[in-house]
Amino acid sequence: MGDERRSGRDRRTSTDPDALKRGILFVMTGASGVGKDSIRRVALPQLEGIHYSVSATTRERRPDEVDGANYHFLTRERFQELLGQNGLLEHAEYVGDYYGTPYEPVEEALAMGKDVLLELELVGARQVKARVPEAVMVFIAPPSMRELERRLRGRGTDSEEKIQKRLARAREEIRAMREFDYVVVNEDLYTAASVFVSVIRAERARAHRISDSDIARTLSG
Ligand code: 5GP
């Protein structure tokens, strides 16, 4: 794995015309209930070559959630074990439960040249930015706290106490939104998803991502 990882990185600057460029790591952050999942569901089918990273969590599964698709639902013991084996790219405690990003699938996808999307709360997002400074950070903001509260209550999955805790975390996250590269306001889902798709397309088109081999290919064609 070590060799593969290194070669993935080296090939980025290689002049080999068949060189594989490393994928881009995108992080989507925003208050619980703001609609990150919905934006992803609308946006990803419009984009090729992006892998959604399924997180691990100790939170209880909601009735509409599928283990392995929405999350990997783990016991606290298994989560700690994974953490102890350096198996997580980042992790955080959120309203009484643990959440974390399994490292291997993310690294594999990036090394194969696929972009990767992580959905994280703020603590984890900051850890990723510290570890992977070139990660592209996107914040999803609600139009207002009142609307966020309405959406959280509408979901009907949390106790009053948990709703209050989630709203408190939301306020903290909103205060930090200027740490991000982009802010997308989710007032209307389809507009927000379309802005999100534009952010990904624009990032992919940035000139600094052009490698020597891209230029060589253009010149020799
Ligand atoms: P929920 O319980 O509503 O599914 O998620 C609670 C919060 O944890 C949301 O803000 C969600 O984006 C975030 N979250 C989901 N997966 C991860 C993860 O792997 N790491 C971190 N740090 N946060 C996550």
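Numbering starts at 1 and runs along the sequence shown.
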Taking all heavy atoms of [X] and all of [Y], pick out the closest pair and write down the distance.
{"X": "H72", "Y": "P102", "result": "CD2-CG, 4.4 Å"}
{"X": "I39", "Y": "A192", "result": "CD1-CB, 3.9 Å"}
{"X": "T29", "Y": "A125", "result": "OG1-CB, 3.3 Å"}
{"X": "A170", "Y": "A31", "result": "CB-CB, 3.4 Å"}
{"X": "L88", "Y": "H91", "result": "CD1-CB, 4.0 Å"}
{"X": "S32", "Y": "L148", "result": "O-CD1, 3.6 Å"}

Between [X] (side chain only) and [Y] (backbone N and O only), is there a donor and an acceptor less than 3.5 Å apart?
{"X": "N186", "Y": "I140", "answer": "no"}
{"X": "E90", "Y": "T101", "answer": "yes"}
{"X": "Q164", "Y": "E160", "answer": "no"}
{"X": "K129", "Y": "M137", "answer": "no"}
{"X": "Q85", "Y": "G87", "answer": "no"}
{"X": "Q80", "Y": "L83", "answer": "no"}
{"X": "S53", "Y": "V106", "answer": "no"}
{"X": "N70", "Y": "V66", "answer": "yes"}
{"X": "E173", "Y": "L122", "answer": "yes"}

Can you list every side chain to side chain donor-acceptor pair (under 3.5 Å) pair that touches residues 194-207, not counting sequence neighbours?
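Found D115-R204, Y182-E203, E203-R209.
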Please enumerate all residues that pass salt bridge (Lys or Arg N to Asp or Glu O under 4.0 Å) together with [X], with sequence neighbours excluded.
{"X": "R76", "answer": "D97"}
{"X": "R171", "answer": "none"}
{"X": "R59", "answer": "E65"}

Starting at [atom1] of [X], measure out to [atom2] of [Y] and round the result to the nearest 0.5 Å.
{"X": "Y99", "Y": "E121", "atom1": "OH", "atom2": "CD", "value": "9.0 Å"}
{"X": "T58", "Y": "E77", "atom1": "OG1", "atom2": "CD", "value": "10.0 Å"}
{"X": "K114", "Y": "H51", "atom1": "NZ", "atom2": "NE2", "value": "7.0 Å"}
{"X": "L152", "Y": "T157", "atom1": "CG", "atom2": "OG1", "value": "7.5 Å"}

Any chain of hydrophobic side-chain contacts (each under 4.5 Å) joining [X] to [Y]?
{"X": "M112", "Y": "L25", "value": "no"}
{"X": "Y52", "Y": "M28", "value": "yes"}
{"X": "V195", "Y": "I200", "value": "yes"}
{"X": "L167", "Y": "V123", "value": "no"}
{"X": "Y94", "Y": "L120", "value": "no"}

Please determine if R175 and E172 form a salt bridge, counting it only when a charged side-chain N lies under 4.0 Å from a carboxylate O.
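Looking at E172 together with R175, the answer is no, because their closest N to O distance does not fall below 4.0 Å.
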Inspect the contact between R166 and D158 and indicate whether a charged nitrogen and a carboxylate oxygen are less than 4.0 angstrom apart.
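Salt bridge: yes.
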Step-by-step side-chain contact (heavy atoms from CB on, under 4.5 Å) determination, L44 to I50
CA-CA 7 Å; L44 288 205; I50 188 157; 3.7 Å; yes
Applying the salt bridge (Lys or Arg N to Asp or Glu O under 4.0 Å) criterion to E149, which one of R146, R151, R153 satisfies it?
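Filter result, single survivor: R153.
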Has M145 got more than 12 heavy atoms of other residues, nucleotides or ligands less than 6.0 Å from its CE?
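Result for CE/M145: enclosed.
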Should the heavy atoms of other residues, nucleotides or ligands under 6.0 Å from CD of E93 be counted, would the total exceed 12?
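Counting other residues, nucleotides and ligands, CD of E93 exceeds 12 neighbours.
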Taking ring-ring contact (aromatic ring centres under 6.0 Å, His included) as the definition, give me every residue that meets it alongside F26, ordered by chain and number, with sequence neighbours left out.
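Partners of F26 under the ring-ring contact (aromatic ring centres under 6.0 Å, His included) test: none.
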Taking only residues two or more places apart in sequence or in another chain, which ones pass ring-ring contact (aromatic ring centres under 6.0 Å, His included) with F73?
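Once residues adjacent in sequence are excluded, the partners of F73 under the ring-ring contact (aromatic ring centres under 6.0 Å, His included) criterion are Y71.
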Tell me, do [X] and [Y] make a side-chain contact under 4.5 Å, heavy atoms counted?
{"X": "E119", "Y": "V54", "result": "no"}
{"X": "Y190", "Y": "V42", "result": "yes"}
{"X": "L82", "Y": "L74", "result": "yes"}
{"X": "P105", "Y": "E108", "result": "no"}
{"X": "V136", "Y": "V27", "result": "no"}

Give a yes-or-no answer on whether the side chains of S213 and S211 include a donor-acceptor pair shorter than 3.5 Å.
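A donor-acceptor contact under 3.5 Å links the two side chains.
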So L117 and F196, side-chain contact (heavy atoms from CB on, under 4.5 Å) or not? Walk me through it.
CA-CA 12 Å; L117 174 63; F196 183 74; 3.9 Å; yes
For R178 and F139, run side-chain contact (heavy atoms from CB on, under 4.5 Å): C-alpha distance rounded to whole Å, both residues' side-chain angles, the deciding distance at 0.1 Å, then the answer.
CA-CA 9 Å; R178 279 182 302 197; F139 189 85; over 6 Å; no
Run the numbers on E107 and R22 for salt bridge (charged side-chain N to carboxylate O under 4.0 Å, His left out), then give the verdict.
CA-CA 10 Å; E107 178 51 35; R22 213 172 143 77; 3.0 Å; yes
L89 vs Y103, test: side-chain contact (heavy atoms from CB on, under 4.5 Å). Steps then yes/no.
CA-CA 5 Å; L89 172 63; Y103 180 77; 4.0 Å; yes
